[in-house]
Amino acid sequence: MIPKYLDFTYQEGKSIHFAITGSIAFFKVLELIRNLIKRGSSVSCSLTKAAREFVTPLTFKALGCDPVQFDMFSLSETYSHLYPGVDPDIFVVAPATANIIAKIAHGIADDLVSTQLLAYNKKILVAPAMNPRMYNAPQTQKNIQTLKDMGIEIIFPETGDVACGEKGTGRLADILYIYFRILKAIIPQDMDGQKVLITMGPTREFFDPVRFWSNPSSGKMGAALAVAAWLRGAKVTCISGPTDVWLPNDIEVIDVVSAEQMFNETLSRWKDSNIGILCAAVCDFRPKNLHSQKLKKDSIKSSLIIEFEKNPDILAKLGNLKTTNQILIGFAAETDQNFKELAIEKIKRKNLDWIVANKINEREVGFGADTNEVVIIDKYGEIQPISKMSKSDVAWRILDLVNKK
Ligand code: C5P
(Lines give C-alpha, C1' and ligand atoms only; values in the text may rest on other atoms or scores of the structure.)
Protein backbone atom coordinates (compact mmCIF):
# COMPACT_ATOMS: atom_id res chain seq x y z
CA MET A 1 0.00 0.00 0.00
CA ILE A 2 2.77 2.46 0.90
CA PRO A 3 5.32 3.13 -1.84
CA LYS A 4 8.85 2.36 -0.59
CA TYR A 5 10.13 5.85 -1.45
CA LEU A 6 7.44 7.29 0.86
CA ASP A 7 7.91 4.87 3.74
CA PHE A 8 8.56 7.34 6.54
CA THR A 9 9.12 5.83 9.96
CA TYR A 10 7.92 8.54 12.30
CA GLN A 11 4.91 6.51 13.47
CA GLU A 12 7.12 3.99 15.29
CA GLY A 13 6.14 3.88 18.95
CA LYS A 14 3.09 6.11 18.51
CA SER A 15 -0.30 4.98 19.75
CA ILE A 16 -3.37 5.46 17.63
CA HIS A 17 -6.98 4.79 18.58
CA PHE A 18 -9.50 4.00 15.83
CA ALA A 19 -13.25 4.27 16.17
CA ILE A 20 -15.05 2.17 13.57
CA THR A 21 -18.63 3.17 12.88
CA GLY A 22 -21.30 1.50 10.76
CA SER A 23 -20.18 1.81 7.15
CA ILE A 24 -19.19 -0.74 4.55
CA ALA A 25 -16.03 1.33 4.02
CA PHE A 26 -14.64 -0.37 7.18
CA PHE A 27 -12.90 -2.92 4.94
CA LYS A 28 -10.53 -0.28 3.56
CA VAL A 29 -9.52 0.69 7.08
CA LEU A 30 -8.34 -2.86 7.86
CA GLU A 31 -5.40 -2.45 5.51
CA LEU A 32 -4.63 0.96 6.95
CA ILE A 33 -4.51 -0.44 10.49
CA ARG A 34 -2.38 -3.36 9.36
CA ASN A 35 0.16 -1.00 7.81
CA LEU A 36 0.34 1.17 10.91
CA ILE A 37 0.91 -1.84 13.18
CA LYS A 38 3.51 -3.26 10.78
CA ARG A 39 5.42 0.01 11.04
CA GLY A 40 5.60 -0.04 14.83
CA SER A 41 2.50 1.90 15.92
CA SER A 42 0.34 0.49 18.67
CA VAL A 43 -3.27 0.58 17.56
CA SER A 44 -6.36 0.17 19.71
CA CYS A 45 -9.92 0.41 18.50
CA SER A 46 -13.54 0.60 19.49
CA LEU A 47 -16.58 -0.37 17.43
CA THR A 48 -20.11 0.97 17.50
CA LYS A 49 -23.07 -1.41 17.54
CA ALA A 50 -23.72 -0.65 13.85
CA ALA A 51 -20.08 -1.34 12.97
CA ARG A 52 -20.43 -4.78 14.58
CA GLU A 53 -23.21 -5.55 12.09
CA PHE A 54 -20.55 -5.26 9.35
CA VAL A 55 -17.45 -6.69 11.06
CA THR A 56 -16.63 -8.54 14.24
CA PRO A 57 -14.26 -7.26 16.96
CA LEU A 58 -12.18 -10.41 16.42
CA THR A 59 -11.09 -9.10 12.99
CA PHE A 60 -9.35 -6.18 14.67
CA LYS A 61 -7.89 -8.35 17.40
CA ALA A 62 -6.46 -10.65 14.72
CA LEU A 63 -4.85 -7.66 13.00
CA GLY A 64 -3.06 -6.81 16.24
CA CYS A 65 -5.28 -4.07 17.73
CA ASP A 66 -5.12 -3.97 21.49
CA PRO A 67 -7.45 -3.36 23.21
CA VAL A 68 -10.51 -3.87 21.00
CA GLN A 69 -13.55 -2.40 22.75
CA PHE A 70 -17.27 -2.36 22.08
CA ASP A 71 -19.00 -2.73 25.43
CA MET A 72 -19.44 0.31 27.65
CA PHE A 73 -20.69 -1.76 30.54
CA SER A 74 -18.13 -4.55 30.50
CA LEU A 75 -17.28 -5.88 33.97
CA SER A 76 -13.67 -6.47 32.99
CA GLU A 77 -13.07 -2.84 31.87
CA THR A 78 -15.04 -0.50 34.10
CA TYR A 79 -13.62 2.67 32.54
CA SER A 80 -13.45 1.66 28.87
CA HIS A 81 -15.55 4.72 28.03
CA LEU A 82 -12.69 6.93 29.26
CA TYR A 83 -9.82 4.85 27.90
CA PRO A 84 -8.59 6.85 24.87
CA GLY A 85 -8.71 10.02 26.94
CA VAL A 86 -5.49 9.13 28.68
CA ASP A 87 -3.36 7.13 26.31
CA PRO A 88 -3.28 7.40 22.51
CA ASP A 89 -1.47 10.17 20.64
CA ILE A 90 -4.34 10.48 18.20
CA PHE A 91 -7.99 9.40 17.81
CA VAL A 92 -9.15 8.53 14.28
CA VAL A 93 -12.82 8.03 13.42
CA ALA A 94 -12.80 6.07 10.14
CA PRO A 95 -15.18 5.40 8.60
CA ALA A 96 -17.31 8.10 10.27
CA THR A 97 -21.07 7.95 9.72
CA ALA A 98 -23.42 10.95 9.69
CA ASN A 99 -24.64 9.68 13.07
CA ILE A 100 -21.27 9.83 14.88
CA ILE A 101 -20.51 13.23 13.30
CA ALA A 102 -23.83 14.53 14.64
CA LYS A 103 -23.11 13.08 18.09
CA ILE A 104 -19.64 14.69 18.24
CA ALA A 105 -21.06 18.04 17.10
CA HIS A 106 -23.67 18.01 19.85
CA GLY A 107 -21.77 16.34 22.68
CA ILE A 108 -24.02 13.29 22.75
CA ALA A 109 -22.45 10.46 24.70
CA ASP A 110 -24.87 7.54 24.55
CA ASP A 111 -22.56 4.67 23.62
CA LEU A 112 -18.92 3.67 24.01
CA VAL A 113 -17.50 5.45 20.93
CA SER A 114 -19.34 8.75 21.44
CA THR A 115 -18.43 8.77 25.14
CA GLN A 116 -14.77 8.07 24.39
CA LEU A 117 -14.77 10.92 21.87
CA LEU A 118 -16.24 13.33 24.41
CA ALA A 119 -13.63 12.35 26.99
CA TYR A 120 -10.67 12.60 24.57
CA ASN A 121 -8.88 15.95 24.64
CA LYS A 122 -6.05 15.53 22.12
CA LYS A 123 -6.13 15.46 18.31
CA ILE A 124 -9.17 13.90 16.59
CA LEU A 125 -9.33 13.05 12.87
CA VAL A 126 -12.67 12.28 11.25
CA ALA A 127 -12.98 10.56 7.85
CA PRO A 128 -16.65 10.63 6.76
CA ALA A 129 -18.11 7.84 4.59
CA MET A 130 -21.79 7.82 3.71
CA ASN A 131 -24.43 8.09 1.01
CA PRO A 132 -24.04 11.39 -0.96
CA ARG A 133 -27.55 12.59 -0.01
CA MET A 134 -26.76 12.05 3.66
CA TYR A 135 -23.37 13.77 3.23
CA ASN A 136 -24.86 16.78 1.43
CA ALA A 137 -27.77 17.14 3.85
CA PRO A 138 -27.62 20.58 5.52
CA GLN A 139 -27.62 18.91 8.94
CA THR A 140 -24.46 16.92 8.13
CA GLN A 141 -22.74 19.88 6.50
CA LYS A 142 -23.51 22.04 9.52
CA ASN A 143 -22.23 19.34 11.87
CA ILE A 144 -19.00 18.97 9.89
CA GLN A 145 -18.49 22.74 10.11
CA THR A 146 -19.04 22.51 13.90
CA LEU A 147 -16.37 19.79 14.11
CA LYS A 148 -13.95 21.98 12.14
CA ASP A 149 -14.67 24.93 14.42
CA MET A 150 -13.84 22.68 17.40
CA GLY A 151 -10.40 21.97 15.89
CA ILE A 152 -11.23 18.46 14.70
CA GLU A 153 -9.50 17.60 11.42
CA ILE A 154 -11.78 16.37 8.65
CA ILE A 155 -10.41 14.05 5.98
CA PHE A 156 -12.94 14.91 3.31
CA PRO A 157 -14.62 12.13 1.34
CA GLU A 158 -14.17 11.64 -2.39
CA THR A 159 -16.66 12.03 -5.20
CA GLY A 160 -17.55 9.00 -7.32
CA ASP A 161 -19.45 5.72 -7.13
CA VAL A 162 -20.58 4.78 -3.64
CA ALA A 163 -21.54 1.31 -2.40
CA CYS A 164 -25.30 1.88 -2.67
CA GLY A 165 -24.96 2.43 -6.43
CA GLU A 166 -25.41 6.19 -6.36
CA LYS A 167 -22.84 8.73 -7.52
CA GLY A 168 -21.69 11.77 -5.59
CA THR A 169 -19.56 12.87 -2.66
CA GLY A 170 -19.39 10.53 0.31
CA ARG A 171 -16.87 7.84 -0.58
CA LEU A 172 -14.22 7.36 2.12
CA ALA A 173 -11.03 9.28 1.21
CA ASP A 174 -8.19 7.40 -0.46
CA ILE A 175 -6.74 5.12 2.20
CA LEU A 176 -3.15 6.15 1.40
CA TYR A 177 -4.13 9.77 1.90
CA ILE A 178 -5.75 8.93 5.27
CA TYR A 179 -2.54 7.12 6.24
CA PHE A 180 -0.46 10.22 5.51
CA ARG A 181 -2.92 12.54 7.26
CA ILE A 182 -2.54 10.39 10.40
CA LEU A 183 1.22 10.69 10.08
CA LYS A 184 1.01 14.45 9.56
CA ALA A 185 -1.15 14.75 12.67
CA ILE A 186 1.51 13.14 14.89
CA ILE A 187 4.58 14.75 13.28
CA PRO A 188 5.82 18.08 14.75
CA GLN A 189 5.01 20.87 12.28
CA ASP A 190 8.53 22.27 12.27
CA MET A 191 8.18 23.61 8.70
CA ASP A 192 4.90 25.40 9.35
CA GLY A 193 4.77 28.64 7.35
CA GLN A 194 7.54 27.63 4.92
CA LYS A 195 6.84 27.66 1.19
CA VAL A 196 8.82 24.98 -0.57
CA LEU A 197 9.31 24.80 -4.34
CA ILE A 198 10.50 21.46 -5.72
CA THR A 199 11.41 20.41 -9.26
CA MET A 200 11.24 16.68 -9.88
CA GLY A 201 11.31 13.94 -12.48
CA PRO A 202 12.81 14.02 -15.96
CA THR A 203 12.13 16.43 -18.77
CA ARG A 204 11.27 15.30 -22.28
CA GLU A 205 12.64 17.10 -25.29
CA PHE A 206 10.64 16.19 -28.36
CA PHE A 207 12.05 16.31 -31.87
CA ASP A 208 8.91 15.07 -33.62
CA PRO A 209 5.36 14.47 -32.31
CA VAL A 210 6.15 10.94 -31.07
CA ARG A 211 9.85 10.92 -30.21
CA PHE A 212 11.82 12.57 -27.48
CA TRP A 213 15.18 12.65 -25.72
CA SER A 214 15.09 12.14 -21.95
CA ASN A 215 16.60 10.23 -18.98
CA PRO A 216 15.41 7.48 -16.55
CA SER A 217 14.53 9.78 -13.62
CA SER A 218 11.42 8.46 -11.78
CA GLY A 219 10.63 11.50 -9.60
CA LYS A 220 10.79 9.34 -6.44
CA MET A 221 13.42 11.51 -4.70
CA GLY A 222 11.40 14.65 -5.48
CA ALA A 223 8.18 13.02 -4.24
CA ALA A 224 9.92 11.94 -1.01
CA LEU A 225 11.10 15.52 -0.44
CA ALA A 226 7.68 16.97 -1.26
CA VAL A 227 5.76 14.60 1.02
CA ALA A 228 8.33 15.02 3.84
CA ALA A 229 8.05 18.82 3.69
CA TRP A 230 4.23 18.61 3.59
CA LEU A 231 4.19 16.16 6.53
CA ARG A 232 6.27 18.69 8.48
CA GLY A 233 3.83 21.52 7.83
CA ALA A 234 5.24 23.28 4.74
CA LYS A 235 3.17 24.49 1.81
CA VAL A 236 4.64 22.60 -1.13
CA THR A 237 4.56 23.23 -4.87
CA CYS A 238 6.08 20.72 -7.27
CA ILE A 239 7.05 21.44 -10.85
CA SER A 240 7.03 17.92 -12.16
CA GLY A 241 8.19 16.31 -15.36
CA PRO A 242 6.33 13.13 -16.46
CA THR A 243 6.32 10.67 -13.50
CA ASP A 244 4.06 8.05 -11.89
CA VAL A 245 4.71 9.03 -8.28
CA TRP A 246 1.99 9.43 -5.66
CA LEU A 247 1.47 12.86 -4.08
CA PRO A 248 -1.32 14.01 -1.75
CA ASN A 249 -3.83 16.50 -3.17
CA ASP A 250 -2.66 19.10 -0.66
CA ILE A 251 0.55 19.48 -2.64
CA GLU A 252 0.21 21.73 -5.69
CA VAL A 253 1.60 19.98 -8.76
CA ILE A 254 2.35 21.80 -11.99
CA ASP A 255 2.91 19.22 -14.74
CA VAL A 256 5.46 20.10 -17.37
CA VAL A 257 7.14 18.21 -20.17
CA SER A 258 10.16 20.16 -21.42
CA ALA A 259 13.00 21.92 -19.62
CA GLU A 260 11.84 25.22 -21.03
CA GLN A 261 8.36 24.75 -19.49
CA MET A 262 9.98 23.72 -16.19
CA PHE A 263 12.18 26.81 -16.33
CA ASN A 264 9.20 29.16 -16.85
CA GLU A 265 6.96 27.57 -14.20
CA THR A 266 9.75 27.37 -11.59
CA LEU A 267 11.01 30.87 -12.21
CA SER A 268 7.56 32.45 -11.86
CA ARG A 269 7.13 30.87 -8.39
CA TRP A 270 10.62 31.42 -6.94
CA LYS A 271 9.97 34.94 -5.62
CA ASP A 272 7.18 33.60 -3.37
CA SER A 273 9.16 30.62 -2.03
CA ASN A 274 11.42 30.32 1.01
CA ILE A 275 13.10 27.10 0.00
CA GLY A 276 13.90 25.73 -3.46
CA ILE A 277 14.93 22.11 -3.88
CA LEU A 278 15.73 21.32 -7.49
CA CYS A 279 16.04 17.62 -7.89
CA ALA A 280 14.63 17.25 -11.39
CA ALA A 281 16.90 15.55 -13.89
CA VAL A 282 16.61 18.32 -16.43
CA CYS A 283 17.84 17.55 -19.94
CA ASP A 284 20.75 19.89 -20.49
CA PHE A 285 20.16 19.87 -24.26
CA ARG A 286 17.14 19.85 -26.52
CA PRO A 287 16.80 19.08 -30.23
CA LYS A 288 17.17 22.35 -32.09
CA ASN A 289 14.30 21.61 -34.47
CA LEU A 290 10.90 20.16 -33.64
CA HIS A 291 9.48 18.47 -36.72
CA SER A 292 5.74 19.01 -36.99
CA GLN A 293 5.22 15.61 -38.67
CA LYS A 294 6.50 12.22 -37.57
CA LEU A 295 9.90 11.57 -39.20
CA LYS A 296 9.40 8.76 -41.71
CA LYS A 297 11.86 5.91 -41.25
CA ASP A 298 12.21 5.47 -44.98
CA SER A 299 13.11 9.12 -45.49
CA ILE A 300 16.32 8.64 -43.43
CA LYS A 301 19.01 7.06 -45.54
CA SER A 302 21.56 5.73 -43.02
CA SER A 303 21.80 7.81 -39.85
CA LEU A 304 19.52 10.35 -38.28
CA ILE A 305 21.42 13.46 -37.32
CA ILE A 306 19.81 15.66 -34.68
CA GLU A 307 21.33 18.97 -33.76
CA PHE A 308 20.99 19.92 -30.08
CA GLU A 309 21.03 23.28 -28.33
CA LYS A 310 21.44 24.07 -24.65
CA ASN A 311 18.47 24.30 -22.30
CA PRO A 312 18.32 27.10 -19.72
CA ASP A 313 19.86 26.21 -16.33
CA ILE A 314 16.98 26.60 -13.84
CA LEU A 315 19.14 26.11 -10.76
CA ALA A 316 21.71 28.71 -11.85
CA LYS A 317 18.94 31.21 -12.61
CA LEU A 318 17.30 30.73 -9.20
CA GLY A 319 20.72 31.03 -7.53
CA ASN A 320 21.28 34.26 -9.39
CA LEU A 321 17.98 35.70 -8.12
CA LYS A 322 18.24 34.26 -4.58
CA THR A 323 17.76 36.69 -1.69
CA THR A 324 19.38 36.35 1.75
CA ASN A 325 16.29 34.75 3.30
CA GLN A 326 15.89 32.09 0.63
CA ILE A 327 17.49 28.66 0.72
CA LEU A 328 18.46 26.86 -2.49
CA ILE A 329 19.44 23.21 -2.76
CA GLY A 330 20.63 21.50 -5.92
CA PHE A 331 21.21 17.89 -6.78
CA ALA A 332 24.18 16.57 -8.68
CA ALA A 333 24.02 13.22 -10.38
CA GLU A 334 27.62 12.41 -11.20
CA THR A 335 29.41 9.42 -12.65
CA ASP A 336 32.94 10.77 -12.11
CA GLN A 337 35.14 9.57 -9.24
CA ASN A 338 35.81 13.17 -8.15
CA PHE A 339 32.08 13.91 -7.85
CA LYS A 340 32.54 15.68 -4.51
CA GLU A 341 34.95 18.24 -5.99
CA LEU A 342 32.59 18.79 -8.90
CA ALA A 343 29.70 19.34 -6.50
CA ILE A 344 31.63 21.89 -4.41
CA GLU A 345 32.50 23.83 -7.55
CA LYS A 346 28.80 23.79 -8.53
CA ILE A 347 27.69 25.23 -5.16
CA LYS A 348 29.86 28.26 -5.72
CA ARG A 349 29.04 28.73 -9.39
CA LYS A 350 25.27 28.47 -8.88
CA ASN A 351 25.09 30.29 -5.50
CA LEU A 352 23.56 27.35 -3.59
CA ASP A 353 23.26 26.62 0.12
CA TRP A 354 23.62 22.87 -0.28
CA ILE A 355 24.19 20.35 -2.98
CA VAL A 356 23.16 16.74 -2.69
CA ALA A 357 25.59 14.68 -4.72
CA ASN A 358 24.92 11.10 -5.67
CA LYS A 359 26.80 8.63 -7.79
CA ILE A 360 24.23 7.30 -10.19
CA ASN A 361 26.25 4.41 -11.58
CA GLU A 362 25.94 2.24 -8.46
CA ARG A 363 23.28 -0.35 -7.64
CA GLU A 364 20.08 0.75 -5.89
CA VAL A 365 21.22 4.36 -5.92
CA GLY A 366 19.86 7.32 -7.86
CA PHE A 367 17.62 7.05 -10.94
CA GLY A 368 14.49 4.95 -10.43
CA ALA A 369 15.66 3.26 -7.20
CA ASP A 370 13.76 3.38 -3.88
CA THR A 371 17.02 3.92 -2.03
CA ASN A 372 19.75 6.50 -2.38
CA GLU A 373 23.27 7.08 -1.11
CA VAL A 374 24.38 10.68 -1.14
CA VAL A 375 26.72 13.23 0.30
CA ILE A 376 25.29 16.54 1.35
CA ILE A 377 27.74 19.39 0.94
CA ASP A 378 27.24 22.90 2.26
CA LYS A 379 28.54 26.17 0.84
CA TYR A 380 31.54 26.09 3.22
CA GLY A 381 32.60 22.72 1.81
CA GLU A 382 31.48 20.74 4.87
CA ILE A 383 30.56 17.24 3.79
CA GLN A 384 27.93 15.00 5.38
CA PRO A 385 27.80 11.49 3.94
CA ILE A 386 24.44 9.71 4.09
CA SER A 387 24.78 5.94 3.80
CA LYS A 388 22.42 3.91 1.63
CA MET A 389 18.85 4.29 2.91
CA SER A 390 15.34 4.81 1.57
CA LYS A 391 14.69 7.99 -0.38
CA SER A 392 12.14 8.94 2.31
CA ASP A 393 14.87 8.87 4.98
CA VAL A 394 17.29 10.79 2.76
CA ALA A 395 14.59 13.43 2.22
CA TRP A 396 13.94 13.66 5.97
CA ARG A 397 17.64 14.28 6.67
CA ILE A 398 17.95 16.94 4.01
CA LEU A 399 15.02 18.79 5.59
CA ASP A 400 16.56 18.36 9.07
CA LEU A 401 19.55 20.33 7.80
CA VAL A 402 17.38 23.04 6.27
CA ASN A 403 15.44 23.38 9.51
CA LYS A 404 18.56 23.77 11.61
CA LYS A 405 19.75 26.69 9.47
O1 C5P B 1 24.95 21.31 -13.53
P2 C5P B 1 24.07 20.12 -13.35
O3 C5P B 1 23.12 19.94 -14.48
O4 C5P B 1 24.81 18.87 -13.04
O5 C5P B 1 23.23 20.45 -12.03
C6 C5P B 1 22.27 19.59 -11.54
C7 C5P B 1 21.30 20.39 -10.73
O8 C5P B 1 20.83 21.47 -11.51
C9 C5P B 1 20.05 19.64 -10.32
O10 C5P B 1 19.62 20.19 -9.10
C11 C5P B 1 19.08 19.95 -11.43
O12 C5P B 1 17.75 19.87 -10.99
C13 C5P B 1 19.47 21.36 -11.80
N14 C5P B 1 19.33 21.71 -13.21
C15 C5P B 1 18.48 22.72 -13.56
N16 C5P B 1 18.38 23.11 -14.87
C17 C5P B 1 19.10 22.50 -15.82
C18 C5P B 1 19.98 21.47 -15.48
C19 C5P B 1 20.07 21.10 -14.16
O20 C5P B 1 17.81 23.26 -12.68
N21 C5P B 1 18.96 22.87 -17.08
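When a residue number appears, it is its place in the shown sequence, counting from 1. Both ligands and their constituent atoms are indexed starting at 1 by order of listing.
Of the N or O atoms in Ala281, none lie within a sub-3.5 Å distance of an N or O in ligand 1. The distance criterion of under 3.5 Å between nitrogen or oxygen atoms is met by Lys350 with respect to ligand 1. At a 3.5 angstrom cut-off on N or O pairs, Ala280 counts as close to ligand 1.
In this structure, atom 16 (N) of ligand 1 lies nearest to the protein heavy atom Ile314 N, 3.0 Å. In this structure, atom 8 (O) of ligand 1 lies nearest to the protein heavy atom Leu315 CD2, 3.2 Å. In this structure, atom 10 (O) of ligand 1 lies nearest to the protein heavy atom Leu278 O, 2.5 Å. Ranking the protein heavy atoms by distance from atom 14 (N) of ligand 1 puts Val282 CG2, 3.9 Å first. Lys346 NZ, 2.4 Å is the protein heavy atom nearest to atom 4 (O) of ligand 1. The protein heavy-atom contact nearest to atom 7 (C) of ligand 1 is Phe331 O, 2.8 Å.
Contacts of Pro312 with ligand 1, taken as heavy-atom pairs under 4.0 Å, involve the backbone alone. Within the 4.0 Å heavy-atom criterion, both parts of Asp313, backbone and side chain, lie near ligand 1. For Asp284, every heavy-atom contact with ligand 1 shorter than 4.0 Å involves the side chain, none the backbone.
Comment: Lys195 does not engage Asp272 in a salt bridge, judged by the lack of any side-chain N to carboxylate O separation of less than 4.0 angstrom. Salt bridge annotation for Lys294-Asp208: absent, with no cationic side-chain nitrogen under 4.0 angstrom from a carboxylate oxygen.
Below 4.0 Å from some heavy atom of Gly330 lie the following atoms of ligand 1, by number and element: 10 (O).
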For Ser15 and Asp89, run side chain to side chain contact (heavy atoms under 4.5 Å, CB included): C-alpha distance rounded to whole Å, both residues' side-chain angles, the deciding distance at 0.1 Å, then the answer. CA-CA 5 Å; Ser15 59; Asp89 297 302; 3.5 Å; yes
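Two rings, from Trp213 and Phe207, have their centers 6.0 Å or more apart.
At most 12 non-hydrogen atoms from other residues, nucleotides or ligands lie less than 6.0 angstrom from CG of Asn249. Counting non-hydrogen atoms of neighbouring residues, nucleotides and ligands closer than 6.0 angstrom, the CZ atom of Arg397 reaches no more than 12 such neighbours. Counted within 6.0 Å of NZ on Lys61, heavy atoms from surrounding residues, nucleotides or ligands total more than 12; the atom is thus considered enclosed.
A donor-acceptor pair shorter than 3.5 Å can be found between the side chains of Gln11 and Tyr179.
Tested against Val126, the residues Val93, Val92, Ile144 include a single side chain to side chain contact (heavy atoms under 4.5 Å, CB included) partner, Val93.
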